[in-house]
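The structure under discussion is supplied below as structure tokens; questions concerning it will follow.
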2 protein chains.
Amino acid sequence: MVDASEIVSAFETAGYRLTGPRRALAVLIAAQGRHFTADDLLGESRRRRLGVTRATIFRSLDVLADLGVVERLDLPSGEHAFVACEPAHHHHVVCSSCGRTTGVADPGIERIAAAIGRETGYRIDAHRLELFGLCPACRKQN
Amino acid sequence: MVDASEIVSAFETAGYRLTGPRRALAVLIAAQGRHFTADDLLGESRRRRLGVTRATIFRSLDVLADLGVVERLDLPSGEHAFVACEPAHHHHVVCSSCGRTTGVADPGIERIAAAIGRETGYRIDAHRLELFGLCPACRKQN
DNA sequence: ATTTTTGCAAACCTTTTGCATGGAA
DNA sequence: TTCCATGCAAAAGGTTTGCAAAAAT
């Protein structure tokens with residue numbers, strides 16, 4: 001679980017100004033226990049009368065993704081979503097029922113990436129691993 | 001490399017009608033040695049006066065993705081692209097310079113997915129692995 | 001005082017949809 | 001002759017942008 005203050009600090013440390021909208025977004029993002037879209041944040045901002053607008057949300061998510069505070073997620077549906085994440089967790093398991101995500105430390109993909117590099121002749125620079133399934137809570141309900 | 005006739009057969013086998021636009025798209029897709037977007041195909045269709053329109057392209061790509069003839073790819077940029085693929089290859093290495101893709105057989109992700117399932121308590125149903133880097137040809141040029 | 005950030009609204013781009021026409025089986 | 005597929009054009013989403021005003025340093 002990521003704390004709002006960590007997100008605020010990330011802005012600060014990177015030399016961005018600490019503004020009202022950014023603080024508000026930090027709180028909103030930290031409150032999400034699941035993946036979320038820009039539109040989700042916009043809805044929350046309106047419901048809670050925070051006055052953070054669409055453009056600011058996109059711009060902030062962009063910055064936060066650069067800083068590694070949130071990670072872009074491509075859901076199987078093709079939707080673009082985000083998750084707040086600890087920098088130590090490089091991959092995410094996504095519950096296809098409730099949307100909850102759990103970060104996992106790199107579990108040995110490096111080795112596989114290296115093997116694929118050797119096999120294909122590519123110089124592998126980056127990889128993306130996303131896992132989808134049912135979280136413990138949703139398993140019980142079925 | 002995927003042959004146009006394989007794509008045509010895939011339509012046929014699955015019970016879809018063999019139409020002019022679908023044959024034309026099969027040729028266009030087979031000619032791509034790299035990932036491509038719906039818009040790429042539309043451009044090609046116009047340049048070559050094939051008369052295949054946007055809606056048909058999206059509808060066909062949808063079908064072909066279902067049939068496993070093409071695979072949806074989410075590029076690091078967030079763009080949605082496609083690659084033609086052999087059904088046996090479950091993952092793709094994407095060259096970030098020229099866009100070429102190479103399919104690779106599943107190299108042991110199953111085991112990792114199982115380990116992550118055990119660790120997190122999720123029941124893992126699906127995973128996506130995409131690798132990005134420089135292909136052999138592009139490596140030489142740098 | 002200076003520079004960044006924001007809001008607003010419009011623009012943009014990609015993808016989807018409804019419906020009448022045309023074509024495959 | 002029956003259904004499926006296509007073209008067209010419009011709609012629907014999602015994301016970006018220009019610019020003037022507001023806020024942070």
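Predicted, not measured: the structure shown is a model, and the values here were computed from it.
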Exercise. Output all residues satisfying side chain to side chain donor-acceptor pair (under 3.5 Å) with B:R72, sequence neighbours left out; order by chain, then residue number.
Key: B:D62
Quiz item: When rounded to the nearest 0.5 angstrom, what is the spacing between OG1 in B:T37 and CG in B:L75?
Solution: 9.5 Å
Exercise. Provide, to the nearest angstrom, the distance between the CG atom belonging to A:L25 and the C1' atom belonging to C:dG7.
Key: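 In whole Å, C:dG7 C1' and A:L25 CG are 14 Å from each other.
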Quiz prompt | Atom-to-atom span, CG of A:L50 to P of C:dG7 - whole angstrom | solution =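 It works out to 11 Å between those atoms.
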Quiz item: For the helix from C:dA1-D:dT25 to C:dA25-D:dT1, what is the angle between the axes at its two ends, each from 5 pairs, rounded to 10°?
Solution: 40°
Quiz item: Quick one: salt bridge (charged side-chain N to carboxylate O under 4.0 Å, His left out) partners of B:D40, sequence neighbours excluded?
Solution: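 Expected list: none.
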Practice problem: Could you check whether B:G78 gets within reach of a base, just the sugar-phosphate, or nothing at all, counting any heavy atom under 4.0 Å? | Solution: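 Contact class for B:G78: none.
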Quiz item: With sequence neighbours left out, what residues match B:D125 under salt bridge (charged side-chain N to carboxylate O under 4.0 Å, His left out)?
Solution: B:R123
Practice problem: Among residues two or more places apart or on two chains, list those pairs meeting ring-ring contact (aromatic ring centres under 6.0 Å, His included) that have a residue in residues 49-82 of chain A. | Solution: A:H80-B:H80
Quiz item: What residues form a side chain to side chain contact (heavy atoms under 4.5 Å, CB included) with B:D3, not counting sequence neighbours?
Solution: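 Partners of B:D3 by the side chain to side chain contact (heavy atoms under 4.5 Å, CB included) criterion, ordered by chain and then number, come out as B:S5, B:E6.
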Quiz prompt | Under the salt bridge (charged side-chain N to carboxylate O under 4.0 Å, His left out) test, residues paired with A:R17 that sit two or more places apart | solution =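 None.
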Practice problem: Go through the structure and list residues passing side chain to side chain donor-acceptor pair (under 3.5 Å) with A:T102, not counting sequence neighbours. | Solution: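 Scan of A:T102 (side chain to side chain donor-acceptor pair (under 3.5 Å), adjacent residues dropped) gives B:Y122.
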Quiz prompt | Test salt bridge (charged side-chain N to carboxylate O under 4.0 Å, His left out) applied to B:R47 - qualifying residues, sequence neighbours left out | solution =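 With neighbours one apart ignored, the set is B:E44.
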Quiz item: Going by heavy atoms closer than 4.0 Å, what residues in residues 6-23 of chain A are next to DNA chain C?
Solution: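 A:Y16, A:R17, A:T19, A:P21, A:R22 - these, ordered by number, are the residues of the stretch whose heavy atoms sit under 4.0 Å from the strand.
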Exercise. Under the ring-ring contact (aromatic ring centres under 6.0 Å, His included) rule, collect the residues that match up with A:H127, sequence neighbours excluded.
Key: A:H91
Using nucleotides 11-17 of chain C, report all nitrogen or oxygen pairs with the protein that are shorter than 3.5 Å.
none

